[in-house]
Amino acid sequence: EDQVTQSPEALRLQEGESSSLNCSYTVSGLRGLFWYRQDPGKGPEFLFTLYSAGEEKEKERLKATLTKKESFLHITAPKPEDSATYLCAVPYNNNDMRFGAGTRLTVKP
Amino acid sequence: ETGVTQSPTHLIKTRGQQVTLRCSSQSGHNTVSWYQQALGQGPQFIFQYYREEENGRGNFPPRFSGLQFPNYSSELNVNALELDDSALYLCASRDRGQETQYFGPGTRLLVL
């Protein structure tokens with residue numbers, strides 16, 4: 001079955017320690033890959049949409065990249081306010097949007 | 001531009017009861033989707049509404065039903081509540097021609 005898998009489940013970083021989050025997908029006929037940020041108890045906040053392999057998008061300390069089988073969310077010199085759960089999602093059939101379980105990022109000062 | 005809004009923010013119900021959750025879509029968006037998010041998991045697609053009709057459904061039983069109104073706002077109704085229905089319910093809206101969805105703040109439902 002088509003699915004979305006995110007790793008790691010949780011990531012603890014020191015402030016300024018750069019790292020990457022992974023999102024792998026198996027859906028065929030990709031119609032976009034979406035990254036969201038979610039703070040505890042709140043709705044997901046849209047970050048990026050990527051449509052084709054090789055595409056990159058940046059926003060402040062975040063950069064998202066896409067290959068044919070996975071996407072990475074690179075976090076450069078993170079700050080404590082970057083602590084959140086990061087979700088990736090791909091459109092599935094029947095207007096379904098399939099989400100991964102998320103990576104819970106904690107950035108310590 | 002007004003974002004997606006949802007009401008109520010929190011709700012406590014008992015098993016067997018019925019609940020109605022409400023969503024106002026972002027200005028200019030004609031398509032609304034509902035998701036259920038259990039603790040520690042990603043959102044799961046319940047269904048989508050476009051032009052007041054259900055336009056796609058995930059793996060949820062018929063006791064989950066919805067409506068969309070002419071102003072594109074929407075309701076999610078859940079009958080015969082079960083303990084496992086306790087979750088954050090999210091509404092997302094988008095323009096029909098776009099894939100990007102924008103989420104509301106969610107309604108936290110607790111079933112006792």
Next item on the list: Determine whether more than 12 heavy atoms belonging to other residues, nucleotides or ligands lie under 6.0 Å from atom NZ of A:K57.
Entry: yes

Notebook entry, point to check: For B:F47, is it the side chain, the backbone, both or neither that has a heavy atom under 4.5 Å from a heavy atom of chain A?
Noted result: neither

Margin query: Can you tell me if A:E81 has over 12 outside heavy atoms packed within less than 6.0 Å of its CD?
Written below: yes

Note to self: Please rank B:P105, B:P43, B:G42, B:G106 by heavy-atom pairs under 4.5 Å with chain A and give me the top one.
What the structure shows: B:P43

Check: What part of A:F48 gets closer than 4.5 Å to chain B, counting heavy atoms only: side chain, backbone, both or neither?
Finding: neither

Note to self: So, applying side chain to side chain contact (heavy atoms under 4.5 Å, CB included) with B:Q101, which one of A:F34, A:Y36, A:F46 is it?
What the structure shows: A:Y36

Next item on the list: Step through the shown structure and confirm whether more than 12 heavy atoms of other residues, nucleotides or ligands are within 6.0 Å of CG on B:N71.
Entry: yes

Notebook entry, point to check: Which bit of A:P91 is near chain B, if near means a heavy-atom gap under 4.5 Å: side chain, backbone, both or neither?
Noted result: side chain

Checklist line | Atom CD of B:Q18: over 12 foreign heavy atoms under 6.0 Å | finding: yes

Notebook entry, point to check: Take atom OH in B:Y72; do more than 12 heavy atoms of anything else shown fall under 6.0 Å from it?
Noted result: no

Check: With a cut-off of 6.0 Å (strictly less than), are more than 12 heavy atoms of other residues, nucleotides or ligands near CZ of B:R63?
Finding: yes

Item checked: Distance (rounded to the nearest 0.5 Å) between A:D96 CG and B:Q44 CD -> 9.0 Å

Margin query: Taking NZ in B:K13 as the centre, count heavy atoms belonging to other residues, nucleotides or ligands within less than 6.0 Å. Is the count above 12?
Written below: yes

Next item on the list: Determine whether more than 12 heavy atoms belonging to other residues, nucleotides or ligands lie under 6.0 Å from atom CZ of B:R15.
Entry: no

Note to self: Within this structure, what is the CG-CD distance for the pair B:L90 and A:Q38, rounded to the nearest 0.5 Å?
What the structure shows: 6.5 Å

Next item on the list: Check whether the ring centres of B:F45 and A:F99 lie less than 6.0 Å apart, and answer yes or no.
Entry: no

Margin query: Less than 4.5 Å to any heavy atom of chain A: does that hold for the side chain of B:E99, its backbone, both, or neither?
Written below: both

Check: CG/A:L87 to CD/B:Q41 distance, rounded to the nearest 0.5 angstrom?
Finding: 11.5 Å

Checklist line | Contact winner vs chain B - A:P44, A:A89, A:G41, heavy-atom pairs under 4.5 Å | finding: A:P44

Margin query: With rounding to the nearest 0.5 angstrom, report the OH to CD distance, B:Y102 to A:E45.
Written below: 11.0 Å

